[in-house]
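Start at 1 and go down the list; that is how both ligands and their atoms are numbered.
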Amino acid sequence: MADTARCSAGKPGAALSVDAARLRAIAVARPVEQETLALVSAVGRVLAAPVFANSPLPPFDNSAMDGYAVSLADLSGEGPWDVPVTLRIAAGDSRGLTLAQGEAAQVFTGAPVPKGADAVVMQENVTRLGDRITFFLRPQSGQNIRRRGEDVQIRGRALAVGVELTPPRLALLAGCGVTDVAVHRRVRIAMFSTGDELVEPGGDLAPGQIYNSNRIMLGALMDRRWADVTDLGILRDNPARVRAAIREAAQSHDVVISSGGVSAGEEDHILDALRAENARLDILKVAIRPGKPLTVGRVADALFFGLPGNPYAAAITFSQIVRPALRRVAGLCEDPDIWIPAVSGFSYTRSAGRREFVPVTWSQRDQIGRPVLERLGRGASASLYPIAQAQGIAVLPPEIANILPGMPLRVEPI
Ligand code: AMP
Ligand code: MG
């Protein structure tokens with residue numbers, strides 16, 4: 001392909017498609033070990049084993065309303081029916097009562113429904129006079145009764161392996177009487193930026209220097225619910241320093257992420273350092289724009305991601321390839337499928353061969369509600385302003401060189 005021949009990354013070998021690269025990165029990512037945690041400490045963590053209910057949810061048949069429990073068999077003919085109220089049952093009542101034939105029980109929300117009752121008439125639909133109620137509408141069988149185990153049966157699977165423990169999921173487990181869960185331990189991630197030109201914001205820029213954008217961006221992209229991040233700051237373009245930093249970080253972390261220095265230029269030292277450390281290199285080049293020189297490999301037992309230095313390229317390769325692999329390391333099985341169908345509102349002629357990610361915004365929709373995309377910027381991999389303004393990133397298929405207004409496109413919201 002013409003584009004591959006003009007490869008700017010200068011690394012050997014053909015470029016992998018974005019999907020192939022993502023799958024390969026996921027395949028080499030191994031989930032971290034597990035540990036047992038109390039529910040209260042487990043928010044945001046990832047289940048390492050399915051969880052089964054210790055208790056059915058709900059644990060007994062109970063009323064969903066304040067009202068009157070009745071037996072449908074008692075309601076012969078047409079209403080209205082006039083029934084004596086002989087029991088009063090509040091939430092927490094432990095008497096295990098039975099409803100006598102032809103009678104009703106006053107029940108409150110969450111109260112056990114007495115044996116023999118098969119519907120609850122809400123109190124708004126009855127007229128009560130002394131110890132009798134009158135009502136007109138025949139209740140449906142089971143109306144306003146929450147059945148034992150209707151949410152989760154006893155020993156039923158409450159949650160599957162590989163899901164993140166969100167607040168509602170923790171509530172579900174608590175409701176099933178679960179106290180402890182097997183979760184993956186936190187992922188230890190080290191990250192650094194490389195480049196002699198980099199200065200942290202707040203410092204003075206000498207000629208030729210730029211502020212470090214990737215450090216704050218990559219740090220902000222980390223999912224702290226299941227990751228502990230060691231920020232190693234800026235590494236200068238010194239082969240020995242780069243090599244030592246990679247080796248040391250790999251010894252004490254599950255994942256090492258760097259930015260910059262992954263192309264084949266003389267001041268790009270990441271690849272040499274990886275080779276010197278006997279890294280297994282799994283991905284060297286991806287048919288992606290921006291972000292072609294992405295490198296993925298394994299150093300000792302750690303997974304290594306060498307992101308491009310250009311910030312927009314670093315952002316795109318992170319979202320397309322690094323994040324899915326990191327989620328695998330964390331033990332996550334769910335893959336958030338977040339793209340939405342859209343339609344191009346712009347013309348753009350480009351060289352085919354790479355899947356391209358374009359910052360877009362939209363203010364209009366077509367007849368069936370798809371966003372009509374406006375392109376931002378000119379696709380420069382160093383540009384931050386367009387992605388900072390964008391509502392989403394449009395995905396241009398590698399095989400299409402001429403993008404025209406009206407073409408259907410995927411967009412990934414930011
Ligand atoms: P490199 O991949 O090291 O050749 O860097 C490619 C381009 O990205 C160069 O223009 C770098 O100055 C720029 N760059 C590298 N790292 C960063 C960073 N952390 N923040 C902003 N720009 C960067
Ligand atoms: Mg550099």
Side-chain angles (χ1 to χ4, degrees), residues 6-13 15 21 189-222 229-246 249 255-276 279 281 283-297 304-323 354 356-357 359 377-390:
R6 277 192 281 109
C7 164
S8 58
K11 293 180 192 166
I189 303 176
M191 52 172 229
F192 57 87
S193 329
T194 70
D196 283 345
E197 72 279 34
L198 299 180
V199 176
E200 290 303 338
D204 291 326
L205 285 186
Q209 295 186 319
I210 60 169
Y211 288 121
N212 186 356
S213 288
N214 290 344
R215 183 184 192 178
I216 185 83
M217 179 177 72
L218 292 174
L221 283 167
M222 295 297 150
V229 179
T230 311
D231 182 347
L232 299 173
I234 298 171
L235 231 61
R236 297 305 167 194
D237 290 322
N238 170 312
R241 295 270 296 278
V242 169
R243 182 179 166 188
I246 291 178
V255 179
V256 180
I257 302 176
S258 72
S259 79
V262 282
S263 294
E266 280 179 20
E267 290 300 334
D268 295 321
H269 304 300
I270 296 285
L271 262 188
D272 288 343
L274 291 173
R275 293 205 173 97
L281 297 176
I283 299 173
L284 286 167
K285 217 159 37 176
V286 184
I288 189 171
R289 184 185 145 92
K292 195 180 203 171
L294 173 74
T295 296
V296 181
F304 178 85
F305 295 98
L307 302 186
N310 279 312
Y312 181 46
I316 292 299
T317 48
F318 184 90
S319 76
Q320 297 302 311
I321 290 156
V322 181
R323 180 188 280 126
R354 286 195 264 168
E356 181 166 351
F357 294 85
R378 282 173 291 119
S381 59
S383 291
L384 281 169
Y385 191 77
I387 192 184
Q389 307 304 313

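If you take NE2 on H269 and OG1 on T194, they are separated by 8.5 Å, rounding to the nearest 0.5 Å. Distance CG/N214 to CG/N310: 8.5 Å, rounded to 0.5 Å. In this structure, CD1 in I189 is found 9.0 Å from CZ in F305, a value given to the nearest 0.5 Å. To the nearest 0.5 angstrom, L198 atom CG is 10.5 Å from R215 atom CZ.
Numbered from 1 in the order shown, with element, the atoms of ligand 1 that lie under 4.0 Å from a heavy atom of N212 read 18 (C), 19 (N), 20 (N). The distance from ligand 1 to the heavy atoms of I210 drops below 4.0 Å at these ligand atoms: 12 (O), 21 (C), 22 (N), 23 (C). Short contacts between ligand 1 and G260, defined as distances under 4.0 Å to a heavy atom of the residue, involve ligand atoms 2 (O), 3 (O). Against a heavy-atom cut-off of under 4.0 Å, P311 is close to the following atoms of ligand 1: 21 (C), 22 (N). Per-residue contacts place D268 under 4.0 angstrom from the following atoms of ligand 1 (heavy atoms of the residue considered): 3 (O), 4 (O). Within the listing of ligand 1, atoms 1 (P), 2 (O), 3 (O) sit less than 4.0 angstrom from a heavy atom of G261.
Among protein heavy atoms, atom 16 (N) of ligand 1 sits closest to G309 O, 3.5 Å. Atom 7 (C) of ligand 1 has N310 OD1, 3.3 Å as its closest protein atom, hydrogens excluded (heavy atom only).
In terms of polar-atom proximity, S213 is counted as a contact of ligand 1, with an N or O under 3.5 Å from an N or O of the ligand. Checked against a 3.5 angstrom limit, the closest N/O atoms of E197 and ligand 1 fall inside it.
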Practice problem: Take V242 and D272 through the side-chain contact (heavy atoms from CB on, under 4.5 Å) test and state the conclusion after the steps. | Solution: CA-CA 9 Å; V242 169; D272 288 343; over 6 Å; no
